[in-house]
Amino acid sequence: MRLQDKVCLITGGGKGIGAATAEVFCQEGAIVEIADVDDAASLELINKITEKGGEIYTSHVNVTDADSVNKWIDDVNSRHGKIDVLFNNAGISAVGVLHELDESLWDAVTSVNIKGVYLVSKAALPTMIKQGYGSIINMSSCIAEMGLEKRAAYAATKGAVLSMTKSMQVDYAPYNIRVNALMPGTIFTPFVEDYLRRSYDDADKAIAGLKKRQLGPELGTPEDVAYAALYLASDESGYVMGSGLKVDGGVTGGKPY
Ligand SMILES: NC(=O)c1ccc[n+]([C@@H]2O[C@H](COP(=O)([O-])OP(=O)(O)OC[C@H]3O[C@@H](n4cnc5c(N)ncnc54)[C@H](O)[C@@H]3O)[C@@H](O)[C@H]2O)c1
């Protein structure tokens, strides 16, 4: 029970990596609070986890909307009186070369992926500061450090999250709050399926291409990232501060033949 009785908040926890993380955190004894805009996915998750005896709460929260976020954090504080862990996971993709990318898509991806991290952290930090501890995990991506086709806008958001993480760590270290980032490679989730569907005629060929560019043979699973989040959430990572933890099958580690 690596997270026994810890109150862990996960944005975008309704499906994909966030949902897998909610399951792993609950198995480890955490009380999990999910914020998501996808109510159907949240309901499915809450049923699955409560059947197994886990303690989980879900709320309809749009991370780009300050009122929505602030109400969620107020509710969490009323329910539990503390926030041990905040996983800023909610994110959307944006596919396209920059000169063809709609301004509305630029605004959407920067709003969810960057402003969302700012708004939720801003709302949760006063509780962590008051209690004198906390662990914040921000969702970046390996794309923060490498170039990929048609991903300039998305990459910009993940680079921003990585650099935000490092400066947040400097500011909140005096309050015993750790701030780290996760940098996954290609994790096979609805997010990636959607990206593949929209980007390529032949999705199978695209998957084979994605596997080829990494060192490991298979794409990542949501659980691969969930266990990395578990480490950063738990006290075991007490000396890990301001880091970007890669979970990427070696895609940034070297080039396969
Ligand atoms: N899947 C990958 O290969 C991969 C790789 C690197 C980083 N990431 C990042 O991991 C995170 C999760 O990705 P995933 O693959 O699990 O995606 P996903 O689409 O499966 O899940 C994302 C969740 O975020 C929610 N969400 C979207 N906008 C929201 C908003 N405004 N407010 C609240 N919730 C919102 C969605 O409803 C969804 O449940 C994202 O930040 C993504 O950028 C994913």
Side-chain angles (χ1 to χ4, degrees), residues 9-24 33-46 58-69 71-73 86-95 105 107-120 123 137-146 148 151 153-162 164-165 181-199 206-207 210-211 213-214 216 218-226 228-229 244-249 251-252:
L9 280 55
I10 305 175
T11 69
K15 52 184 183 282
I17 294 167
T21 305
E23 284 197 66
V24 167
E33 286 273 358
I34 297 293
D36 206 300
V37 287
D38 187 337
D39 297 332
S42 295
L43 186 65
E44 202 177 306
L45 182 71
I46 207 169
T58 61
S59 306
H60 183 97
V61 179
N62 181 345
V63 296
T64 68
D65 179 75
D67 290 342
S68 173
V69 167
K71 181 179 181 320
W72 179 49
I73 298 297
L86 166 62
F87 182 15
N88 281 310
N89 165 73
I92 59 172
S93 70
V95 180
L105 192 50
D107 287 342
V109 75
T110 54
S111 186
V112 177
N113 295 9
I114 306 176
K115 189 180 174 190
V117 175
Y118 153 67
L119 284 178
V120 181
I137 305 161
N138 292 332
M139 184 55 97
S140 177
S141 164
C142 67
I143 207 171
E145 287 188 0
M146 64 188 284
L148 277 183
R151 309 289 273 172
Y154 177 72
T157 69
K158 295 305 181 181
V161 169
L162 184 62
M164 202 193 320
T165 299
L182 281 170
M183 302 173 70
T186 308
I187 311 298
F188 207 65
T189 63
F191 178 94
V192 165
E193 273 182 290
D194 177 56
Y195 156 65
L196 292 174
R197 232 185 3 258
R198 284 191 287 131
S199 311
I207 290 168
L210 288 171
K211 287 182 180 171
R213 70 178 192 198
Q214 45 175 57
E218 297 300 333
L219 299 182
T221 66
E223 288 71 26
D224 288 327
V225 185
L245 176 56
K246 287 173 184 157
V247 189
D248 68 359
V251 76
T252 52

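Below, all heavy atoms of this structure are taken into account, side chains as well, without hydrogens, waters or symmetry copies. Whatever order the structure lists them in is the order used to number ligands and atoms, beginning at 1.
Donor-acceptor pairing under 3.5 Å is recorded for the side chains of D224 and T221.
Salt-bridge formation is detected for the pair K246/E145: a Lys NZ or Arg NE/NH1/NH2 atom is positioned less than 4.0 Å from an Asp or Glu carboxylate oxygen.
The closest side-chain heavy-atom distance from N89 to I17 is below 4.5 Å.
Protein residues with a heavy atom under 4.0 Å from ligand 1 are G12, K15, G16, I17, D36, V37, D38, V61, N62, V63, N89, A90, G91, I92, V112, M139, S140, S141, Y154, K158, P184, G185, T186, I187, T189, P190, F191, V192.
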N/O donor-acceptor pairs under 3.5 Å from side chains in residues 109-120, not counting sequence neighbours:
| unit_1 | atom_1 | unit_2 | atom_2 | d |
| --- | --- | --- | --- | --- |
| T110 | OG1 | W106 | O | 2.8 |
| T110 | OG1 | D107 | O | 3.2 |
| N113 | OD1 | I92 | N | 2.9 |
| N113 | ND2 | I92 | O | 3.0 |
| N113 | ND2 | T157 | OG1 | 3.2 |
| Y118 | OH | K122 | NZ | 3.4 |

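Note that CG of L182 is 10.0 Å distant from NZ of K158, once rounded to the nearest 0.5 Å. The line from OG1 of T189 to CG of L219 is 10.5 Å long, rounded to the nearest 0.5 Å.
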